[in-house]
Every structure is written in C-alpha cells, then in structure tokens.
Amino acid sequence: MNNFLFVAAENDAIANCKAGGMGDVVRDVPRQISERGDKAHVVVPSYSRLHQNGTFKTNLNFKLRGTTYTAELYEVIPKKEFKNVHHYVIHHPEIEAGGIAHIYHDDPTEPFFSDFIKYVIFCAAVAEAIKKGAFGKLDVVHMHDWHSSLVLFLKQYHPAYRSLKKMRYVYSIHNLAIQGIRPFDANYSSLTNWFPDIPLDHKGLMDYRYQDCVNLMAVGIRLADAVHTVSPSYKEDVLKPSSPPEFIGGEGLEKDLQQADNEGRLFGILNGSNYANIRAADKGHLYRNTVKALFRWLQEESKNYKADFLAHTGEKIMQYVDERPKFIVSSVARLTEQKFYFFKRSPDAFVEILKKLEKIDGIFMLLGTGAPEYEELFRQMSYDHHNFIFTNGQSEDLIDSIYLESDLYFMPSLFEPCGISQMLAMRNGNPCLVHHTGGLIDTVEHMKTGFAFRGKTYDEKISNMLASFDEVIEIYENDKPKWKKIQSNAKKVRFTWKKFVDEYYKVLYLL
C-alpha cells in the first residue's frame, strides 16, 4: 500500500475550507487514491476554526524567528468518509482566517504579507509532522500552489529536515498568476526574519523580476521532482511569456517551466470531475435557495455593509419565484481579474449582453465574492439593470441550483489553468460559453458540447464574445433540435478522475 500526503491551503472534503477549484482537487484525488487501495492523508491550515471539533493528535515543535513554535495537529471528520483517507488541520494562533472565504488575506498595500506568515508556520509544522512520522512512512508528498512550497525549501535547505528527502515530491500549479512573492529580508514578513539561521541561496530562490524577493511559486517549480499543470493546454500556455491582456502565459516563470519541461519534470494533466457521490440538487429550488442564502447573509455581522444590497437582490429575485424567466445565463466564480477582466474593462459589452437577454425575457445570475473593485462593479450593475441578479456571497445549495437550472453557463476567463465550473455545468446538461484558453480548450468544443470565442487582439476577443453570444441566442430561439443536441453532448462528456489519476500514477507519482 502506497502512502500519500497532500499539502494545500484548501480542502473541500471538510466543511468551510474552499475558496476555489484547488479545494475540489484536494477533495477528489485522495478519494481516487483510496479506490486504488492506497492510503492518503490531507493536511490544511485550521485558520483558527477548523480544529474546533477535531481530535487532537500531537504537538509539533519547530524553530522559527530564533524561537520555538508549537503547533497542534488535529484529525477532523470529513463531509463523507472514504476508506484510508484521513483529513488533518494544523492549528496555531498566528494561522488566522482571512477575509476571502475565511481563508486568504487581501493585503493591497503589501501583497502576501499576512498569508506568507501563516503559510510559513503551516509548512514548518507540516515538515515537522512528516519528520515525526505523524502520517506514517510516506511515499509521495503532493503539494498545491505556493502556500505549500516552503516544505520543499525546508527539505532542501534546513539541516533539521534532511530526512524529508526520502520521499517523492509533486507540485501542482492551480494558478500561476498568484506567486507568493516576499522580500528576502528587512521585513517582518520576509524569509530571513522567519529563518535567520539558514544561509539563503538567493539565486535558487529569487524572483527574476524582483531579485531582492523570494518567489514561492518558483520554489515549487524549481525544487519538486515533478511539476503539474492542471490541463494540457495550460502547460503549453505557461511555457511562453505573457503578453496581457491578449495572452496570459508563464507570468515571469516561463524559463523555470521550460527548464522543468526540458528535464522531463513538467506534465499537463486535466483535472477531473465527480460523476458519483455528488450533492444532488432538487429542480425548482433556485429562487428559494437564493432567498434562503440572502436571509442568512443578512444576519451575518460581517455583511452589515452589504445589507442594503442583499435586500435589493432579494426584492429582485422574488419576481421570478412564480414566473420563471425564459432563459437563464449564470456564472459562479471568485470575483477576480482572471474570471471577469473582460467585464471590468469593457462594462459596455456586459451591458450589451444584458440587453440581448432582455429581448428574450432572459436574466443573468452571478454568484461570487472576491476583489472589492469587482464586487462594487457588479453591485452597481445590479442596481442599474433589472435582469442582472448578483448574489454577493457563497452558498453550496444555491450553487448546486444554479448549475442545475441555468440554460447557459458563461465563463469569460482571461486565462484558465483548468476550470471546474464548466465541467459541473456540463454534467447537468448546461452548455457553456467560454473564452477558449487553457483548460477551457480541453473541455469545451465549439458548437458540439458548448460555445467558445477567442481572438488575436483584445478588441477582437470582445467582438467575438458578443458574436458568440448572438449565436447562442439564435440557436436557442430558432433551432431547438440543435440546442438539445449540444445539451445532450455536454451531459455525455466525462472528465473522470479515474482516468486522470491513472496518469498521475504513471508520470507524477511513478508508482
């Protein structure tokens, strides 16, 4: 029996520990490993809350900032039990919850300041737990994004953790654009402050653009035995330099990725989707679940500043309880540049889409939280346009209803490493309109399983987005057999975890 450890910032196998698609992957891959007869341990930070109903396992003592830190390892109960899959959280008072999904901090004046601190403590605790044998004798450690890469730093450079070199290390890139860049020194949230006794290999750790800083995404790419992008097309994208907004590629790390590719360490394997053990939504509950979520959020102190807007949204949604609109376009996503850059830069294009929908008695439903400027943009759009329903929060029940009851799922990502939302929508027979980039190329086939647009210039992309939307409306209104065929094709497509985890074993895990 092979023994795996997954190290990540999110894990949707446990409640309230997800902000994006990484949480889905960290939930699903261990389950597939279990089905193969192997054992998987998954560890994430507690964020000062997830340990509260857990079972204490052990104290973890380690050196940081020239002093001894003590963190606590807890085993926690998952949403669903699977044989030989164990879930853990690490608690320390300085591993705090942030404002984004109660996980990440947003530090606009000094990016990654708070998150760097909590993930340093988390990774040091993970390294100590591995050394101590808290997860048994491990064969593979699978790390996810920059939040986990300091485990590799400790294995490589810290004399106390040389024993960690015995197992294989795999590093998955979920979002290359978020890199965890911090100063080497002269800052509380710096590498030297937290590891004053380790001589730093500046060349091996530095960001090429900011050479007085460490780049933790680069550390993962440089030091892992295998590096994994979450779709084949995204792998091809990241080997080329970015030229935003027309093309988002390697984001300054293309040389590291090219080297990993030349060394046979870089692999592009698509994420999968669940087709069993899924939360089953009941049809006809879309508006009820929206109202339930709104009333719950209205009672949260943290959402007081949104109370007027939440009430406004509730009033808008009530008109559809008894009389369903004829066409529902939906989107569920973190409100970031990656997901909605086109709408922020070209709000007139979004307004044009709403006008097109109005002509066919259609509405656009968007659910999400994220960057303040995007939340503000969409709140104002909701006030200005009666057929735009913006639910500014997170609700699993409502998300499930949106995937089930929409007619079209819209995913205009500026770039997309893989994307899981389109798979969930397609699973429900909900065709998607996507920007053909990264993993969206690998999952949505234009006019067969959905709709897609692209373009060489930004203006061409926007023009083609609107033209593709016109195609959608034309087919929906005037060619029902073709629309039903696209729906049927979307529902039949299978992106199974079994298939992709088989590839993991062959090329990432070498088992």
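Keep in mind that what you see is a predicted model, and the values were worked out from it rather than measured.
Residues forming a side chain to side chain donor-acceptor pair (under 3.5 Å) with His41 (at least two apart in sequence, or on another chain): Asn3, Tyr88.
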Donor-acceptor list for residues 352-370 side chains, cut-off 3.5 Å, not counting sequence neighbours:
unit_1, atom_1, unit_2, atom_2, d
Lys356, NZ, Asp470, OD1, 2.8
Lys356, NZ, Asp470, OD2, 3.3
Glu358, OE2, His386, NE2, 3.0

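Side-chain atoms of Ser172 and His142 form a donor-acceptor pair, as typed in the model, at a separation below 3.5 Å. Of the N and O atoms on the side chains of Tyr403 and Ser421, at least one donor lies less than 3.5 Å from an acceptor on the other residue. Residues Asn392 and Arg379 have side chains that bring a donor and an acceptor to within less than 3.5 angstrom of each other. Side-chain atoms of Asp107 and Ser114 form a donor-acceptor pair, as typed in the model, at a separation below 3.5 Å. Remark: the Gln422 side chain and the Thr443 side chain contain an N/O donor-acceptor pair separated by less than 3.5 Å.
Note: His147 and Tyr104 meet the aromatic proximity criterion, with ring centroids under 6.0 Å apart. In this structure, His446 has its ring center no closer than 6.0 Å to that of His436. Taking the six-membered ring for Trp and the full ring otherwise, Tyr374 and Phe340 have centroids separated by 6.0 Å or more. Within the 6.0 Å centre-distance limit, the rings of Tyr383 and Phe309 are counted as a close aromatic pair. The six-membered or imidazole ring of Tyr171 lies away from that of His228, with a centre-to-centre distance of 6.0 Å or more.
Under a 4.0 Å N-O distance rule, the pair Asp24/Arg27 qualifies as a salt bridge. A salt bridge does not link Lys326 with Asp407: none of the charged nitrogens is closer than 4.0 Å to a carboxylate oxygen. The pair Glu246-Lys461 does not count as a salt bridge, with every side-chain nitrogen at least 4.0 angstrom from each carboxylate oxygen. Salt-bridge check for Glu35 with Lys83: failed, with every basic side-chain N at 4.0 Å or more from each acidic carboxylate O.
Between Phe410 and the choices Phe350, Phe451, Phe343, the ring pair (Phe, Tyr, Trp, His ring centres under 6.0 Å) rule is met once, by Phe343. Applying ring pair (Phe, Tyr, Trp, His ring centres under 6.0 Å) to Tyr74 and the options His51, His87, His86 leaves one that passes, His51.
No donor-acceptor pair closer than 3.5 Å links the side chain of Lys118 to the backbone N or O of His92. One N or O on the side chain of Gln179 and one on the backbone of Leu176 form a donor-acceptor pair closer than 3.5 Å. Although no hydrogens or angles enter the test, the distance criterion places a donor-acceptor pair under 3.5 Å between the side chain of Ser149 and the main chain of Leu216.
For the pair Arg345 and Tyr458, the cation-pi test (distance below 6.0 Å, angle within 45°) is passed. Both cation-pi conditions hold for Lys480 and Tyr476: the charged atom is under 6.0 angstrom from the six-membered ring centre and inside a 45 degree cone around its axis.
Looking only at side-chain heavy atoms (C-beta outward), Cys17 and Ile14 come within less than 4.5 Å of each other. Counting heavy atoms from C-beta outward, Tyr341 and Ser413 have side chains that stay 4.5 Å or more apart. Looking at heavy atoms from C-beta onward, Tyr287 lies out of side-chain contact with Asn289 at the 4.5 angstrom threshold. With contacts defined as side-chain heavy-atom distances shorter than 4.5 Å, the pair Val7/Phe122 qualifies.
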Take Lys57 and Glu75, measure what salt bridge (Lys or Arg N to Asp or Glu O under 4.0 Å) needs, and give me the verdict at the end. CA-CA 7 Å; Lys57 302 301 287 185; Glu75 187 164 1; 3.7 Å; yes
Steps toward side-chain contact (heavy atoms from CB on, under 4.5 Å) verdict (Asp12, Lys79): CA-CA 8 Å; Asp12 191 48; Lys79 297 176 190 175; 2.9 Å; yes
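Pairs passing the side-chain hydrogen bond (donor to acceptor under 3.5 Å, both in side chains) check and including a residue from residues 484-497, sequence neighbours excluded, read Asp28-Trp497.
Atoms NE2 and CG, from His91 and Leu60 in turn, are 12.0 Å apart once rounded to the nearest 0.5 Å.
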